[in-house]
Number of protein chains: 2
Amino acid sequence: MKDEPSYKNRKVITIGVVSELTGLTERQIRYYEERKLIFPERLARGNRKYSFSDVEKLIEIANKREEGVRTYEIRQEMIKETKKENDKKARNKMLRGQINARFGIQKD
Amino acid sequence: MKDEPSYKNRKVITIGVVSELTGLTERQIRYYEERKLIFPERLARGNRKYSFSDVEKLIEIANKREEGVRTYEIRQEMIKETKKENDKKARNKMLRGQINARFGIQKD
DNA sequence: CGTGTAAGGAATTCTGACACG
DNA sequence: CGTGTAAGGAATTCTGACACG
């Protein structure tokens with residue numbers, strides 16, 4: 001289904017660059033992590049690394065914050081999104097399972 | 001022709017991360033720049049930033065170096081590659097020009 | 001030529017805390 | 001709650017140079 005694990009999700013960007021890219025202060029970026037909105041990796045001794053996905057997510061967070069949405073609410077929305085996707089995946093998987101059961105195994 | 005300027009070419013990776021990603025020392029990476037093999041951007045006060053393309057190019061360079069190819073030769077090959085691509089683009093452009101001349105202007 | 005290293009300085013990042021509201 | 005800031009330390013990056021071969 002996915003062709004490249006690729007660039008978009010590789011955690012390689014330092015917080016300083018993320019700050020430039022998003023216009024957020026480092027303080028804000030670290031705080032959103034504390035509130036469980038983003039999950040940077042820690043490569044070398046403690047340094048945070050972000051992906052392009054993280055940068056995009058941060059921009060969305062910034063937009064919502066400007067509208068006055070609280071971090072807690074943003075988190076709830078994110079959880080809902082994730083759940084919806086997982087349900088979808090689960091449905092697809094089940095469907096494939098039924099197809100395989102009736103028509104035999106097939107590559108996907 | 002291209003859909004996204006996108007992730008692959010954005011210069012956002014610091015030299016330390018590039019070093020981890022490629023297995024090259026920072027010294028080597030800076031030297032290849034000196035030899036005009038790669039062209040990082042300088043964002044904040046002097047810090048080098050690389051793209052995923054740069055990382056891939058560096059991996060190719062590392063492979064060639066292992067085979068004993070000199071930086072000068074690698075550069076020559078790169079120039080040849082670039083030239084070939086430019087010629088191709090020029091041909092396409094000319095062709096489009098002729099088509100437009102005969103059949104009228106068309107969006108591309 | 002290609003790479004290592006010691007040198008000294010400047011900029012980055014980190015954490016925990018106090019502040020305001 | 002969300003963000004700013006001063007604090008002190010640790011790690012990063014930079015440049016120019018000397019070294020070896």
Side-chain angles (χ1 to χ4, degrees), chain A residues 10-52 54-80, chain B residues 10-52 54-80:
Chain A
R10 308 223 30 203
K11 310 258 185 183
V12 296
I13 314 177
T14 55
I15 196 165
V17 178
V18 172
S19 175
E20 291 182 10
L21 258 30
T22 61
L24 295 167
T25 64
E26 296 181 12
R27 178 70 169 95
Q28 290 174 308
I29 298 168
R30 293 197 191 99
Y31 181 67
Y32 298 152
E33 176 182 0
E34 193 183 317
R35 300 312 311 267
K36 306 270 179 59
L37 299 181
I38 43 168
F39 309 92
E41 246 169 42
R42 300 294 186 113
L43 280 186
R45 308 93 194 158
N47 280 41
R48 273 170 264 246
K49 306 286 172 184
Y50 301 81
S51 65
F52 283 111
D54 291 330
V55 170
E56 291 177 5
K57 202 187 274 185
L58 280 168
I59 291 173
E60 281 180 43
I61 293 170
N63 290 150
K64 291 190 181 153
R65 282 292 303 127
E66 269 179 35
E67 296 167 26
V69 185
R70 317 276 217 66
T71 58
Y72 175 79
E73 299 166 327
I74 296 175
R75 181 155 155 68
Q76 294 311 310
E77 290 174 31
M78 282 178 39
I79 291 169
K80 216 176 283 176
Chain B
R10 305 219 39 198
K11 311 261 184 180
V12 296
I13 315 176
T14 55
I15 196 164
V17 178
V18 172
S19 174
E20 291 181 10
L21 257 30
T22 61
L24 296 167
T25 64
E26 296 182 11
R27 178 69 168 97
Q28 290 174 306
I29 297 168
R30 293 197 191 100
Y31 181 67
Y32 298 152
E33 175 182 0
E34 193 183 317
R35 301 312 311 268
K36 306 272 177 58
L37 299 181
I38 43 168
F39 308 92
E41 245 170 42
R42 299 296 185 111
L43 279 186
R45 309 91 196 160
N47 280 41
R48 273 169 263 248
K49 305 287 171 181
Y50 302 82
S51 65
F52 283 112
D54 292 329
V55 170
E56 290 177 6
K57 202 187 275 185
L58 280 168
I59 291 173
E60 281 181 43
I61 292 170
N63 290 149
K64 292 193 181 152
R65 281 293 303 127
E66 268 179 37
E67 295 167 26
V69 186
R70 317 276 217 66
T71 58
Y72 176 79
E73 300 166 325
I74 296 175
R75 179 154 156 69
Q76 295 309 310
E77 291 174 31
M78 282 178 39
I79 291 171
K80 217 177 283 177

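Nothing here was measured: the structure is a model prediction, and the numbers come from that model. Lettering of chains follows the sequences in order, A, B, ..., and the numbering in each one begins at 1. Hydrogens, waters and symmetry mates play no part in the numbers below; they use all other heavy atoms, side chains included.
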Checking N1-N3 plus N6-O4 or O6-N4 for Watson-Crick, or N1-O2 and O6-N3 for wobble, each under 3.5 Å, the partner of C:dG4 is D:dC18
In Watson-Crick or G-U wobble terms, with both distances under 3.5 Å, the base opposite C:dT12 is D:dA10
Distance-minimising heavy-atom pair for A:T14 and A:Y50: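 The answer is C-CD1, 4.4 Å.
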Any side-chain N or O of [X] below 4.0 angstrom from OP1/OP2 of [N]?
X     : N      : value
A:R48 : C:dC14 : yes
B:R70 : C:dG2  : no
B:R35 : C:dG2  : yes
B:T25 : C:dG4  : yes
A:T71 : D:dG2  : yes
B:Y31 : C:dT3  : no
B:R65 : C:dT3  : yes
A:R42 : C:dT15 : yes
B:Y32 : C:dT3  : yes
A:R27 : D:dT5  : no

Tell me which of A:T14 and A:Y72 sits closer to the 5' end of DNA chain D, going by the nucleotide each one is nearest to.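 With A:T14 and A:Y72 compared, the 5'-side residue is A:Y72.
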Taking atom [atom2] of [N] as reference, at what distance in whole Å does atom [atom1] of [X] sit?
X     : N      : atom1 : atom2 : value
B:I13 : D:dT12 : CD1   : P     : 17 Å
B:R30 : C:dG4  : CZ    : P     : 12 Å
A:I15 : D:dT13 : CD1   : C1'   : 18 Å
B:E20 : D:dT12 : CD    : P     : 9 Å
A:E26 : D:dT12 : CD    : C1'   : 14 Å
A:L58 : D:dG2  : CG    : P     : 15 Å
A:E34 : D:dT3  : CD    : C1'   : 11 Å
B:N47 : D:dT15 : CG    : P     : 9 Å

Original post:
Charged N to carboxylate O below 4.0 Å: is that the case for A:R30 and A:E26?
Top reply: yes
Using a strict cut-off of less than 4.0 Å between a Lys/Arg side-chain nitrogen and an Asp/Glu carboxylate oxygen, indicate whether A:K64 and A:E73 qualify as a salt bridge.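 No, A:K64 and A:E73 are not salt-bridged.
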If I take atom [atom1] from residue [X] and atom [atom2] from residue [Y], how far apart are they, to the nearest 0.5 angstrom?
X     : Y     : atom1 : atom2 : result
B:Q28 : B:T71 : CD    : OG1   : 12.0 Å
A:Y32 : A:T22 : OH    : OG1   : 9.0 Å
B:R42 : B:R48 : CZ    : CZ    : 4.0 Å

